[in-house]
Protein chains: 4
Amino acid sequence: MARPKSDDKRNTILAAATEIFAERGLAAPTAAITGAAGVAEGTLFTYFKSKDELVNALYCQIKLDLADALMAGFPRKSSVRARMQHVWDHYVDWGIANPTQFVVLKKMKVWEGLTCQSQMAGMTPFAEIQAMSQDAIAQRLFVDLPEPFIAGMLTAQAEATMDFMKLEPEQAQMYKTCGFEVLWAGITRKR
Amino acid sequence: MARPKSDDKRNTILAAATEIFAERGLAAPTAAITGAAGVAEGTLFTYFKSKDELVNALYCQIKLDLADALMAGFPRKSSVRARMQHVWDHYVDWGIANPTQFVVLKKMKVWEGLTCQSQMAGMTPFAEIQAMSQDAIAQRLFVDLPEPFIAGMLTAQAEATMDFMKLEPEQAQMYKTCGFEVLWAGITRKR
Amino acid sequence: MARPKSDDKRNTILAAATEIFAERGLAAPTAAITGAAGVAEGTLFTYFKSKDELVNALYCQIKLDLADALMAGFPRKSSVRARMQHVWDHYVDWGIANPTQFVVLKKMKVWEGLTCQSQMAGMTPFAEIQAMSQDAIAQRLFVDLPEPFIAGMLTAQAEATMDFMKLEPEQAQMYKTCGFEVLWAGITRKR
Amino acid sequence: MARPKSDDKRNTILAAATEIFAERGLAAPTAAITGAAGVAEGTLFTYFKSKDELVNALYCQIKLDLADALMAGFPRKSSVRARMQHVWDHYVDWGIANPTQFVVLKKMKVWEGLTCQSQMAGMTPFAEIQAMSQDAIAQRLFVDLPEPFIAGMLTAQAEATMDFMKLEPEQAQMYKTCGFEVLWAGITRKR
DNA sequence: CATGAATGAGAATTCATTCAT
DNA sequence: GATGAATGAATTCTCATTCAT
């Protein structure tokens, strides 16, 4: 967490790691990362104590980045549907705009070395979305399910949707719209 | 023929690999696998040309195993809903009953070494489920979306659901039931 | 040296070994040899206690084979020159007719595992040629040098000659003839 | 630059390889080489991409070393005989003074992994000797044979001679002198 | 601090040899 | 005897990490 010197260099390494991990998996050698970052092999270790720490840091960074994307312009005052749609749209857009980050995130989710700390740190920025869901549940707008489960459904659906948008880019808009409808129909109470 | 290559031993290795990969990731040393399988290090390579081939074989085997679980007692003559529910229930049950296979499958899905061949081989046993969805789409029972997308939603929802069932086993039945309702509400046409 | 059963099989293995060693070097796996011989991997070891023993046996066999070729029709009663020419011609012809044996012999000569026994066994069949040289030295026909040195020159020249015959087959006859002239001029006393 | 790749270390490894290969053959483990060189096992691979590359590099180095020895003080202005004698003497002296290099060179000549590149690189430093022979052939001093064949004879004779010099060191001088006479008598035109 | 050579603990194979069938 | 699966020691090479420059 301490950044000895240039934040810049740290970010360069993180960016290179994203690229390399996306292509070659988390097992890619650190030398490939430093190579791509244009720094010496040893430099990585002045910014990150170990490769594991680098991966954990990258996880947190990507999660934060994603949260930023989701929350930018979040319509706090609008309807639940509008807010939900905002999250969905921004989530999906982010995934499409940042395919390497998205891929790496997927790989990190099944990685053995993620610390609990990182996992928790990755969740906090999404608090406002949680609050929204809890609200909607309390208002009996959503089905009566624990909030994390709603979030899980959202994530799962969105990720599946993105896969198809990437596979068939010309149908991307359709998948994006319909994916949300499926989710919304699923989680809202049938009057 | 002297000591024929036993399917038994092959399966022992595959089983050990599942266990080890689940615990330690696909990067686990082959020596750990052979150790767990109770065979010599070299023996793995008389059954699989390389570690990559082992992982691919394991992928196919697990997929086949899963398909068997889904299709056992598939109610071909019943309603779409009954058949869908059957698939959901059996999928979720399989995931809960076979947590290591489930975890390994997840890791293999983001692994870089999966061959196209394996990926295709992993899909074929699910043909009948595809057919069912296509049917339901044609009958205008399901929303008008490509069949693979429906399958993707099913998979995504089911996997998310299983995660919660494992996290809160005492709520497992509830998640299982509600998860299906969310899916069903999402993919069926609102009259 | 004990041949458990079929001499035939032993020879098949030896022949296959020649082929394989010529192509891939003495480091070639025994499995490659048994594969080429059409026998099981283990069978090699009922005919030869170890790979080293096989190589030693092959060395002796090739040397014997070569000696047979050199001595076939040896003109015991003719002039030294005629006998020398006979040896040269037959040596060179054998090398050209048996390129794989020739190549393997070369490799075995610099191999670390040749036993003294094999080396000696490989020499004995050439006794008559030695005798001839000793005779020619005593008669002051050859320069006054130790006999083994003469033999060494013969071998060295012949082998160099064969290399060129193989490289330029259309010049083979020329090299064969001239090579002998060079040798003969070199080792005979200038009156 | 941090700790630049030292030519020194590279040479130490090459020297150790020579020693080890001479004793135990080219199949000797790289660990034996690094052990003898006093460096870590991995260090070998920062100087040579693979074991094969190391052997090829060693081949080129020894050939270059030999060429240096042959050409040191080459009497360009003297008679063909003097120049030839120079080559012979220096060749033989080098072989005697550097027995391990000599032995390794022999083994490398029958090795399967020598690249064409290395073989060619090994030849170029001997260009001047070639020129000399071609000259002597053109002047009708040597028998009318292709130059490479003359070189082959020289090499073959010299190597055979060295073997005897090593076997009977007290006769070394005699072998050296007589060996040359045999060669010279062989390749020069009889008036 | 940055650099990249040095390190050495692994890792995946290979392969001679054994031995159950 | 023949077979070929099983064995496990040995080998080459990789790579995270350290540390001299």
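Note that these values count all heavy atoms, side chains included, but never hydrogens, waters or copies made by symmetry. In the text below, chain A, chain B and the rest are named by the order of the sequence lines, each starting its count at 1.
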To the nearest 0.5 Å, atom CG of Leu66(D) lies from atom CG of Asn98(D) at 9.0 Å

Heavy atoms only, 4.0 Å cut-off, all strands: where does Phe48(D) land among base, sugar-phosphate and nothing? nothing

**Prompt:** Between Tyr47(D) (side chain) and Ser6(D) (backbone), is there a donor-acceptor pair under 3.5 Å?
**Reply:** yes

To the nearest angstrom, the CZ-C1' distance between Phe21(A) and dA16(F) comes to 12 Å

Should Thr43(A) be listed as having a side-chain N or O under 4.0 Å from OP1 or OP2 of dT3(E)? yes

Indicate yes or no for a side-chain donor-acceptor contact from Thr46(D) to the backbone of Gly42(D) under 3.5 Å, with no hydrogens or angles considered. no

Heavy atoms of Phe102(C) and Lys166(C) approach each other most closely as CD2-NZ, 3.0 Å

Between CD1 of Ile33(A) and P of dC15(F) the distance, given in whole Å, is 11 Å

Ranking Lys9(C) and Gly38(B) by the position along DNA chain F of their nearest nucleotide, the one closer to 5' is Lys9(C)

Within less than 4.0 Å of OP1 or OP2 of dA6(E), is there a side-chain N or O belonging to Thr46(D)? yes

Writing each nucleotide of DNA chain E 5' to 3' as (, ), [, ], | or . by Watson-Crick or G-U pairing under 3.5 Å yields .||||||||||||||||||||

Rounded to whole Å, NZ of Lys5(D) lies from P of dT7(E) at a distance of 14 Å

inquiry  = Quick one, Val39(B) with Leu44(B), criterion side-chain contact (heavy atoms from CB on, under 4.5 Å). Give me CA distance, side-chain angles, the key distance, then yes/no.
reply    = CA-CA 8 Å; Val39(B) 301; Leu44(B) 191 152; 5.8 Å; no

Rounded to whole Å, CZ of Arg10(C) lies from C1' of dA2(F) at a distance of 18 Å

A correct 5'-to-3' footprint of nucleotides 9-14 of chain E, with B, S and - meaning base, sugar-phosphate only and no protein heavy atom under 4.0 Å, is --SSBB

From OH of Tyr47(D) across to P of dC13(F) the rounded distance in Å is 18 Å

Asp8(B) atom CG is separated from dA5(F) atom P, nearest whole Å, by 15 Å

Check: residues 54-65 of chain C side-chain donor-acceptor pairs under 3.5 Å, at least two apart:
residue  : atom : partner   : partner atom : Å
Asn56(C) : OD1  : Thr115(C) : N            : 3.0
Asn56(C) : OD1  : Thr115(C) : OG1          : 3.3
Asn56(C) : OD1  : Ser118(C) : OG           : 2.6
Asn56(C) : ND2  : Asp52(C)  : O            : 3.0
Asn56(C) : ND2  : Gly113(C) : O            : 3.2
Asp65(C) : OD2  : Trp94(C)  : NE1          : 3.0
Asp65(C) : OD2  : Gln101(C) : NE2          : 3.1

For Arg24(D) and Pro29(D) the tightest heavy-atom approach is NH2-CD, 3.5 Å

Separation of dG1(F) atom P from Leu44(C) atom CG, nearest Å, is 15 Å

In short, Glu53(C) meets Phe48(C) closest at the heavy-atom pair OE2-CA, 3.7 Å

Glu53(C) CD to dA16(E) P, in whole Å, measures 15 Å

CG of Leu114(D) to CG of Leu26(D), rounded to nearest 0.5 Å, is 9.0 Å

